[in-house]
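Beneath this line is the structure, given in structure tokens, with notes to follow.
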Amino acid sequence: MTHITNEQRQRLIDAALEARQRAYAPYSNFPVGAAVLTEDGQVFGGCNVENTSFGLTNCAERTAIFTAVTAGHRQFAALAVATEGGFPPCGACRQVLAEFSDDLPILIVDTRSEGQVKEVSLAELLPRRFHRE
Ligand code: THU
């Protein structure tokens, strides 16, 4: 895993919190924000986008990754996810992250204590993942 600077870390956390403000979550009332840092230092945010047909909901982490990929990025240095309570990415999002990275630091932000960010790694969250190559 590449080392990220404190400045990049803070930028990523702020972007996840900002993206959370734009969450579309009228069904769960559980806004989630995420942000991904690309290897070349750019930050892309994403929020959860729900749907009246619940299964169509897109999680914040996947929105962030898909936005970055759409902008031409495939190499990532870190991801932050912000929720009230500080939860790690769901299983589906872990697999999507693993498509682009063997391991990745994941910053878990609890909006109730923004100053105390937890850090886990993708390899820790998704050991022995499905991978054909
Ligand atoms: N959600 C995310 O955005 N990311 C996760 O990792 C887990 C769940 C969203 C989906 C849904 O809009 C809401 O949180 C409640 O499950």
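A quick note: this is a predicted structure, and the numbers were derived from the prediction, not measured. Atoms within each ligand, like the ligands themselves, are counted from 1 in listed order.
- In this structure, E84 places its CD atom where only 12 or fewer heavy-atom neighbours from other residues, nucleotides or ligands lie under 6.0 Å away.
- In the hydrophobic cluster analysis, where Ile, Leu, Val, Met, Phe, Trp and Tyr join through side-chain heavy atoms closer than 4.5 angstrom, L97 is grouped together with V120.
- Residues F100 and F130 are members of separate hydrophobic clusters, defined by side-chain heavy-atom contacts under 4.5 angstrom among Ile, Leu, Val, Met, Phe, Trp and Tyr.
- Both the backbone and the side chain of C90 come within 4.0 Å of ligand 1, judged by heavy-atom distances.
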Please output the side-chain donor-acceptor pairs of residues 105-114 that fall under 3.5 Å, not counting sequence neighbours, one pair per line with the distance.
{"residue": "D110", "atom": "OD1", "partner": "G85", "partner atom": "N", "Å": "2.9"}
{"residue": "D110", "atom": "OD1", "partner": "R112", "partner atom": "N", "Å": "2.9"}

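- Scanning the protein for heavy atoms near atom 4 (N) of ligand 1, the closest one is E61 OE1, 2.8 Å.
- Surrounding CG of N51 are more than 12 heavy atoms belonging to other residues, nucleotides or ligands, all under 6.0 Å away.
- Here's the thing with C59: none of its N/O atoms is less than 3.5 angstrom from an N/O atom of ligand 1.
- V96 and V49 fall into different hydrophobic clusters, defined by Ile, Leu, Val, Met, Phe, Trp and Tyr side-chain heavy atoms under 4.5 Å apart, directly or through other members.
- The single protein non-hydrogen atom nearest to atom 16 (O) of ligand 1 is F30 CD2, 4.8 Å, given as residue, atom name and distance.
- At least one heavy atom of P89 lies less than 4.0 angstrom from ligand 1.
- In summary, the atoms of ligand 1 found under 4.0 Å from a heavy atom of S28, numbered by their order in the structure, are 13 (C), 15 (C).
- Checked by distance only, ligand 1 and T57 stay at 3.5 Å or farther apart across all their nitrogen or oxygen atoms.
- At least one N or O atom of E50, backbone or side chain, sits closer than 3.5 Å to an N or O atom of ligand 1.
- Using a 3.5 Å distance cut-off with no hydrogens or angles, the side chains of D14 and Q10 do pair a donor with an acceptor.
- Nearest protein heavy-atom neighbour of atom 9 (C) of ligand 1: N48 ND2, 3.6 Å.
- Ranking the protein heavy atoms by distance from atom 3 (O) of ligand 1 puts A60 N, 2.9 Å first.
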